[in-house]
Amino acid sequence: MSRRCQWYNHPLDCSSSFATLQVLTVSQLNPRQQEAVRYIEGPSLVLAGAGSGKTSVITRKIAYLIEHCGIPARQIAAVTFTNKASREMKERVSKLVSKPASRGLTVATFHNLGLTILKEEHDHAGYHPGFSIFDAEDARALLRDLLMQDNQETGDEAGDAQMKISDWKNACLLPSEALSRASDEREQRLALIYKRYGEYLRAYNAVDFDDLIMLPVILFRDNPEVLIKWQGRIRHLLVDEYQDTNLSQYELVRQLVGHRHGLTVVGDDDQSIYAWRGARPENLVQLKDDFPSLKIIKLEQNYRSTRLILRAANTLIANNPHVFEKALWSELGTGEKIRVLRCRSEDSESERVATEILDRKLRSGLKFSDFAVLYRGNHQARLLEMKLQAYNIPYRISGGTSFFAKNEIKDAMAYLRLLINTNDDTAFLRIVNVPRREIGPRTLEQLGIYARARGIGLISALQAMGAASHVSERGLDKLRRFSEWLERTTQRLREEDPIAVIKQLFSDIEYDEWLHQNSNTPKQAQKRMENVWYLVDSLQKMMSPDPEKDREESTLEDAVSRLVLRDMLERQEEEDDDDKVQLLTLHASKGLEFPHVFILGLEEELLPHRASIEEQNIEEERRLMYVGITRARETLTLSFAAQRKQYGEKYETIPSRFLDELPEEDLAWEGMGDLDKEANQKRGKATLSALLGDLGD
DNA sequence: TAATGTAGAGTTTTT
DNA sequence: CTCTACATTA
């Protein structure tokens, strides 16, 4: 077994070696890591550079707490941001700690933890059991309706409103507080929308994603005795990727920890690339003030990359201001120089990368899956895709339309939500006419007016509505029929096997036929129906107990809400080890590693991106570049195009300033030799004129 | 209801 | 340029 193996993130590389390590939990770590694992006297912050084994520290600390400190697993909670990270963590813990000993351990995402709290304490928050969770699209649809209601104009602002409301919720501001802090007329208007949005959600017995964090925080604030109960339940809290927490998440952490010491957070300020969606890397610094006894431990030994790659990363990131100084070092070899490919056009850039991958694979006996191509924006993948296809190179693109974005899945989920929560009007509106029930917009409009006047849900409204209303006889009849069928199905759900009832539901509505009518090809229709059955299968799996995976029996309610949070158990993991070149955005690459990495488009306005230059937010772009560089284990290749087509027109580009920030002696430039100086001059001029422009204005 | 036309935009993404 | 969303038309 190679010594390096244990640090690799890929469970595939090392799964077999873990089983025997139980007793060795701490001893195989380096001194810094050991210190991080063993320190339990107070709150600690582990500043873990890229590739320094941070997941190992968390998982081994969990094992240490359980086996060495005798803390029951049920009193330990580890929190991550993504389901993927939490799945991986669970897997790795299970290899360190025996099943009975790890029983009751909580490893969850922030949102899942919030959901657990909210489910148990729903009455303190004014919610009923079985509440729905609105995803971003549901929330936007509701906001669009609200905006159109009083504005009688378009709901164009829905996206803006959603972002603003999300900001407010992330800061734990209630509508009234948002209103009193509103600085201009527009914010006031949005704050009023926020208020009504909240009222509607409550009427629907629904929460949105942000509520899953904010509502527990408010609930704990208002009910100290409930907080004490949860503090008693979680005695040690571990937080992964701490630099990605937003204000409300930090608040939740602070509440749960209270005045006690059981807190371990792991993070890297240099890998904070999500500030644009509310993450506050300042939370790392704040921690020192909030917990004066905070112990700070730095992990600087990198087990992933060659020295030259790390030197490039360190040199680049040194251009950012730092509160915590940190320099990665490595015992792995020096490695090859970092190559910089100068290309004539974006077309030749893709061409070059494709041929290069093919050439290197054949020459060095590598696999396609040893290569990854990273870029700033998704559109950059398109050209590359064509080239890869032309050379018959298999590839995998991250971030295609997700399973849950598919229409058939949204429909199916809406049916499920409606079964659990009749007040979920958004779900009702989505499927009331899917498949066709000849219930038109006019009928629904009238029903909506009736319901709104009385402040009740649409289904309640239609049950209460008499013939005297403005709804046509015909429309009312159709609606009634639908609601009665729904009522019957809900009833049966309580008496029979839920999965059987759900299967029956889809055959009742003849969903298969509907899909065939509304798909382009029979093949596609079949595929879509299979997706629905896959969903039902997942539900079934999630509901049935599995002692292997420490999973207890759960209700349909529970399973559906976890599904909305995309917390599907195992999904398409087998496909991952296919031998394919990986194409991903720099953002999506965080947390991953590859032997050979290409980063495309090192040009001003692209990387750093134009919007970031305008907002003067170069530092986050630099961190993005840093994340990209530190993904590489053995070789790193950067490229840029001298000319790029943008919106149909050709533009001369300027090489990225980040190229200047790398150690010159470690770079090997290739291609278009004489354009070298020209490009540099161009960049010099541009920077100069930008400077002059600033002064001039 | 489906099909065609046209205006407008055009980072990063998870839950 | 290319894709999306919405509106107008048959």
Side-chain angles (χ1 to χ4, degrees), chain A residues 79-87 108-116 118 133-140 144 148 153-156 158-159 162-163 166 169-170 207-214 240-241 244-246 248-249 252 271-279 346-347 374-383 386 398-405 433 436 438 440-441 517-518 520 561-568 584-591 601 603 605-615 617 620-625 627-628 644-651:
Chain A
V79 187
T80 64
F81 276 83
T82 63
N83 290 309
K84 196 174 159 209
S86 103
R87 218 177 304 135
T109 61
F110 265 105
H111 294 266
N112 249 318
L113 179 65
L115 176 62
T116 305
L118 201 55
I133 300 167
F134 276 24
D135 68 15
E137 242 180 281
D138 298 323
R140 196 155 3 96
R144 208 181 23 234
M148 289 198 296
E153 283 172 52
T154 49
D156 291 346
Q162 188 173 32
M163 271 169 59
S166 182
K169 288 192 176 187
N170 285 163
V207 301
D208 64 19
F209 284 145
D210 298 322
D211 285 334
L212 290 174
I213 316 293
M214 184 184 79
D240 192 19
E241 302 280 16
D244 288 342
T245 49
N246 61 36
S248 62
Q249 285 159 338
L252 188 62
Q271 290 187 71
S272 162
I273 54 174
Y274 286 112
W276 55 272
R277 66 173 200 217
E346 51 188 340
D347 197 66
L374 313 184
Y375 38 81
R376 177 66 233 254
N378 282 308
H379 64 275
Q380 288 175 266
R382 209 176 294 149
L383 247 183
M386 292 186 344
S398 84
T401 36
S402 94
F403 187 66
F404 287 90
N433 228 1
R436 289 270 115 79
E438 297 175 295
Q517 283 164 27
N518 289 279
N520 297 323
S561 49
R562 305 279 167 196
L563 266 181
V564 180
L565 292 186
R566 328 268 133 116
D567 187 19
M568 295 257 269
L584 352 113
T585 61
L586 287 159
H587 282 92
S589 75
K590 197 172 104 172
E603 294 149 34
E605 313 246 293
L606 228 193
L607 179 60
H609 195 274
R610 192 164 146 201
S612 303
I613 297 173
E614 278 161 14
E615 289 164 34
N617 190 14
E620 184 148 312
E621 294 287 302
R622 192 175 282 119
R623 289 193 291 264
L624 197 52
M625 181 70 198
V627 165
R644 195 171 284 272
K645 265 186 298 214
Q646 203 181 8
Y647 314 144
E649 223 136 349
K650 279 184 180 174
Y651 283 102

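Computed from heavy atoms alone, side chains included, the values below leave out hydrogens, waters and symmetry copies. Lettering of chains follows the sequences in order, A, B, ..., and the numbering in each one begins at 1.
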Please report, rounded to the nearest Å, how far the [atom2] atom of [N] is from the [atom1] atom of [X].
X      : N      : atom1 : atom2 : result
A:R610 : B:dT11 : CZ    : C1'   : 12 Å
A:Q271 : B:dT13 : CD    : C1'   : 17 Å
A:D244 : B:dT15 : CG    : P     : 12 Å
A:Q646 : C:dT2  : CD    : P     : 14 Å
A:M163 : B:dT11 : CE    : P     : 14 Å
A:R562 : B:dT15 : CZ    : P     : 14 Å
A:L584 : B:dT11 : CG    : C1'   : 16 Å
A:E137 : B:dT14 : CD    : P     : 14 Å

Can you tell me how far apart CG (A:L607) and OH (A:Y375) are? Round to the nearest 0.5 Å.
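Spacing of CG (A:L607) from OH (A:Y375) equals 13.5 Å.
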Taking only the P atom of each, what is the distance from C:dT4 to B:dT11 in whole angstrom?
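Between the two P atoms, the distance is 14 Å.
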Roughly how many Å apart are C:dA5 and B:dT12, using the P atom of each and rounding to a whole number?
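Result for the P pair: 15 Å, nearest Å.
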Aromatic stack A:H609/B:dT11: centroid gap under 5.5 Å, interplanar angle under 30°:
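Yes; by the centre-distance and plane-angle rule, A:H609 counts as stacking on B:dT11.
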For A:W276 and B:dT12, say yes or no: do the ring centres fall under 5.5 Å of each other while the ring planes differ by less than 30°?
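The base of B:dT12 is stacked with A:W276 (centres under 5.5 Å, planes under 30°).
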Classify [X] by what it touches in the nucleic acid, base, sugar-phosphate, or nothing, heavy-atom distance under 4.0 Å.
X      : value
A:E241 : nothing
A:E621 : base
A:N378 : sugar-phosphate

Please determine if A:E649 and A:K645 form a salt bridge, counting it only when a charged side-chain N lies under 4.0 Å from a carboxylate O.
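A salt bridge is absent here (no side-chain N lies under 4.0 Å from a carboxylate O).
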Between the side chains of A:R623 and A:E620, is the shortest nitrogen-to-carboxylate-oxygen separation below 4.0 Å, so that they form an ion pair?
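A salt bridge is present here (some side-chain N lies under 4.0 Å from a carboxylate O).
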Side chain to side chain contact (heavy atoms under 4.5 Å, CB included) partners of A:A611, counting only residues at least two apart:
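Here the qualifying residues are A:H609, A:E615.
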If you check every side-chain atom of [X], which of [options] has the closest atom?
X      : options                : result
A:R376 : B:dT13, B:dT11, B:dT15 : B:dT11
A:E615 : B:dT15, B:dT11, B:dT12 : B:dT11
A:S612 : B:dT12, B:dT15, B:dT11 : B:dT11
A:Y647 : B:dT11, B:dT13, C:dC3  : B:dT11
A:R382 : B:dT11, B:dT13, C:dC3  : C:dC3

Closer to the 5' end of DNA chain B via nearest nucleotide, is it A:V564 or A:H379?
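Here A:H379 is the residue nearer the 5' end.
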Is there a side-chain contact between A:F81 and A:D240 (heavy atoms, below 4.5 Å)?
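No, side chains not in contact.
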For the residue pair A:N112 and A:L565, establish whether any side-chain heavy-atom pair is separated by less than 4.5 Å.
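In short, these two side chains touch, coming nearer than 4.5 Å.
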Which heavy atom of A:N246 sits nearest a heavy atom of A:G278, and at what distance?
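Result for this residue pair: CB-O, 3.1 Å.
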A:L624 and side chain to side chain contact (heavy atoms under 4.5 Å, CB included): which single residue from A:Q271, A:H587, A:K590 fits?
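Result for side chain to side chain contact (heavy atoms under 4.5 Å, CB included) with A:L624: A:H587.
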Looking at A:N83, I'd like to know whether one of its side-chain N or O atoms comes within less than 4.0 Å of OP1 or OP2 on B:dT14.
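Indeed not, no polar side-chain atom of A:N83 lies that close.
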Shorter than 3.5 Å, N or O on both sides, protein versus nucleotides 1-3 of chain B: list them out with atom names.
none

